[in-house]
Structures are given as structure tokens and as C-alpha cells.
There are 2 protein chains.
Amino acid sequence: MPAAAGTDLTEHLRSHGIHPTQQRIRVLKVLVDSRAHLSAEEIHGLVRAQTPRIGLATIYRTLHTLKEKGLVEEHRFNDEFSRYEAMPASHHDHLICIECGKVVEFDQPLIEQLQLAAAKENHFSIVSHRLEIYGICETCAKLHKKES
Amino acid sequence: MPAAAGTDLTEHLRSHGIHPTQQRIRVLKVLVDSRAHLSAEEIHGLVRAQTPRIGLATIYRTLHTLKEKGLVEEHRFNDEFSRYEAMPASHHDHLICIECGKVVEFDQPLIEQLQLAAAKENHFSIVSHRLEIYGICETCAKLHKKES
DNA sequence: CTATATGCAAAGACTTTGCAAACCG
DNA sequence: CGGTTTGCAAAGTCTTTGCATATAG
């Protein structure tokens with residue numbers, strides 16, 4: 001078994017009260033390594049490269065566990081199916097290109113403060129939040145220009 | 001047929017290039033009247049009160065059309081199914097109670113400005129955005145206190 | 001009469017569950 | 001052993017489609 005890469009993840013899982021099985025380590029590793037927002041199918045594909053017999057159900061179950069324990073975040077950009085990312089150390093928001101699907105993360109501490117204010121005004125105590133901006137990225141914008 | 005209420009909606013639909021059928025008027029009316037974020041099923045239930053034979057598929061098809069023409073907005077709060085609301089005149093964001101599901105709308109013009117800045121930094125041109133804050137509303141918070 | 005809209009049932013896409021076998025301690 | 005985890009297949013949920021009928025202009 002691949003020990004080197006999995007060791008820290010093993011601890012990571014254990015410290016969150018998750019029994020660190022090989023499958024879970026692999027799923028988490030894929031997410032951490034890619035640093036991307038992957039769909040269950042994509043994760044399945046990547047993990048299957050190492051463990052051809054792993055089932056999609058296990059991926060979903062694992063993601064559910066990881067999400068529950070706060071190791072992974074689930075997103076539903078636009079109307080799409082769910083995408084997952086390894087939980088970032090600090091919260092960040094997302095810029096999503098509606099043409100090519102690219103996701104860029106950004107951080108705007110001031111926005112967070114304003115959110116707090118808005119919540120207070122409405123007597124809500126914030127648990128989490130999500131800010132997604134949909135737009136056209138530079139690359140796609142350039143393509144448009146060429147076309148016209 | 002109920003004319004009074006539907007007349008303005010008829011125009012509304014027509015002006016957006018949508019053939020104003022009775023079913024569409026009813027769906028839109030339900031959304032406009034409720035001013036809420038309803039699921040397809042809920043809308044179906046409400047419209048069926050007037051037209052028992054209407055199918056869920058029609059609701060979905062109608063919502064798809066209305067959304068496409070910008071009369072209705074689709075949301076996917078949390079991991080739930082889609083919810084729809086009649087397109088508000090001005091954009092607003094949402095506070096969602098994770099306990100009781102209540103949705104409160106709010107508006108923070110400053111946040112929008114900061115979003116613009118973030119997008120600019122990353123060379124995105126904004127098309128739309130979504131800000132959702134998940135938390136606990138006052139009512140639910142009080143219930144918690146009582147329990148403990 | 002042609003085109004669009006609708007109901008119904010069937011299909012689809014994504015996700016969850018039931019269960020027996022495999023694993024781990 | 002005794003509790004977890006897994007694969008597989010089946011079931012579930014929400015949503016979309018196909019098709020024949022109904023409706024509208």
C-alpha cells in the first residue's frame with residue numbers, strides 16, 4: 001500500500017473521528033491533490049485508477065462522511081450536480097465562468113463583515129455562507145471578441 | 001375564468017415573448033402571489049387547486065420557460081431540490097435558516113460593489129451572482145434556549 | 001388546419017439504501 | 001467474534017422527454 005502519501009491524511013481522518021480506510025484516504029487524497037471542485041463521477045474515475053473495483057456508492061458514502069465531519073465542502077454551482085472540494089483552511093468564495101466552467105476562488109474579508117451586519121439586522125446567527133459570482137472569464141471574453 | 005387577476009400577468013407574459021396560456025398564468029400567479037421560494041411540487045399543489053388535471057411536467061416545462069425568459073429565478077439552497085421565485089425587480093440575497101428553512105431576503109449594495117471589485121481583480125465580467133447566508137433564525141434560536 | 005401546449009407515463013440523471021461478503025481490531 | 005466498510009444492484013428523488021390528444025389562432 002502507498003504509505004508515504006497517505007500517512008498525513010490518515011492522521012487527518014483519524015483526528016476528525018473518521019476511521020481511515022484505504023478508500024477514504026484515496027478519495028480525500030484525490031480531492032486534496034487536485035485542489036479542484038470535482039464531481040462524484042470524476043472522483044470515482046480518479047480513485048478507480050488505483051482501485052478498479054471501488055463502487056460509486058462508496059464515493060458518495062465517503063463524501064457524505066467527509067462532508068459531515070467538515071473535511072470536504074459540497075457545492076452546487078448553477079443547476080449542476082454536486083461538486084466537492086477538500087475543505088480549505090480559510091473560507092473563500094467562488095467566481096464561476098458560465099462559458100467554460102472555470103472556478104476561481106477569491107477572498108474578500110470586507111464582504112464577510114457586511115454579511116455579518118446583514119445577518120444581525122435580521123436576527124440570524126450565521127452558520128455558514130456561500131457567495132458565488134457567475135460571469136465570463138478573460139479567456140472566454142477574448143474568444144468572443146475574435147468571433148465578432 | 002378568473003380574468004381580473006390574470007390580465008396583467010397575461011401582458012407580462014406576452015411582453016416577454018411567452019404565449020400566455022391559462023396554465024402559465026396560473027403558475028406565474030402562484031409565484032407572484034406567494035412571494036416565496038416554492039418547490040415544483042408546492043407550485044403543483046397550489047395550481048392543482050384550480051386545475052386538478054394539470055401535470056407536474058407542465059409545471060416544470062412552464063418554470064423552464066419562465067426562467068429562460070427571466071420571469072422567474074431558480075434557486076438551489078443547500079443540497080435541496082430547486083425552488084423558484086418570481087423574478088424580483090431588484091436583485092437581493094438570501095438568509096436561510098438551516099433549522100426551519102425560512103428564507104429572508106436582504107439587500108446590501110456595498111457587498112455588490114465589493115463583488116465587482118473581486119471580479120475585476122480576476123478579470124471576470126459579472127453576469128449574475130448569488131449570496132446565501134445559512135444560519136439560525138431568531139425563532140429557532142429561542143427554541144434552543146428553552147430546550148437547554 | 002398548422003403550431004403550440006398539455007397530460008400521462010416512461011425515461012433520465014444523480015444519489016441513496018439494503019444486503020451479503022470482506023475487513024479490521 | 002462483533003462492529004465497520006464495501007461492492008453490487010435495486011430503489012429513490014427530482015426533473016425531463018416522447019407521444020398522442022387537446023387547444024389556439
Using whole Å, what does the distance between atom P of nucleotide D:dC8 and atom CZ of A:Arg48 come to?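 Value for this atom pair: 10 Å.
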
Mind calculating the distance between CZ (A:Arg53) and P (C:dA22) to the nearest angstrom?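 Whole-Å distance recorded here is 10 Å.
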
Among [options], which nucleotide has an atom closest to any side-chain atom of [X]?
{"X": "B:Ile54", "options": "C:dG7, C:dT15, D:dT15", "result": "C:dG7"}
{"X": "A:His19", "options": "C:dC24, D:dC14, C:dG7", "result": "C:dC24"}
{"X": "A:Ala40", "options": "D:dT17, C:dG7, C:dT15", "result": "C:dT15"}

Once the angle between the rings of A:His75 and A:Phe77 is folded into 0 to 90°, is it parallel (under 30°), tilted (30 to 60°) or perpendicular (over 60°)?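 A:His75 vs A:Phe77 ring planes: parallel.
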
Remember a base hit wins even if backbone is also touched, and classify [X] as base, sugar-phosphate or nothing at under 4.0 Å, heavy atoms.
{"X": "A:Tyr60", "answer": "base"}
{"X": "B:Ser82", "answer": "sugar-phosphate"}
{"X": "B:Gln23", "answer": "sugar-phosphate"}
{"X": "A:Arg61", "answer": "base"}

Between B:Arg83 and B:Glu42 (salt bridge meaning N to carboxylate O under 4.0 Å), is one present in this structure?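 Here B:Arg83 pairs with B:Glu42 in a salt bridge, since their nearest N and O are under 4.0 Å apart.
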
For D:dG7, does either OP1 or OP2 sit under 4.0 Å from a side-chain N or O belonging to A:Thr58?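 It does, given that an N or O in the side chain of A:Thr58 lies less than 4.0 Å from OP1 or OP2 of D:dG7.
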
If the cut-off is 4.0 Å, is A:Arg24 near the phosphate of D:dT5, judged by side-chain N/O to OP1 or OP2?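 Yes.
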
Nearest-nucleotide wise, let me know which of A:Glu41 and A:Ala57 is further upstream toward the 5' end of DNA chain C.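 The residue whose closest nucleotide sits nearer the 5' end is A:Glu41.
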
Which is it for A:Thr58 and A:Gln23 under the side-chain hydrogen bond (donor to acceptor under 3.5 Å, both in side chains) test, yes or no, and what are the steps along the way? CA-CA 8 Å; A:Thr58 302; A:Gln23 302 299 46; 5.9 Å; no

State, yes or no, whether a side-chain contact exists between A:Ile133 and A:Phe106 at a heavy-atom distance under 4.5 Å.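 With C-beta onward as the side chain, the pair touches.
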
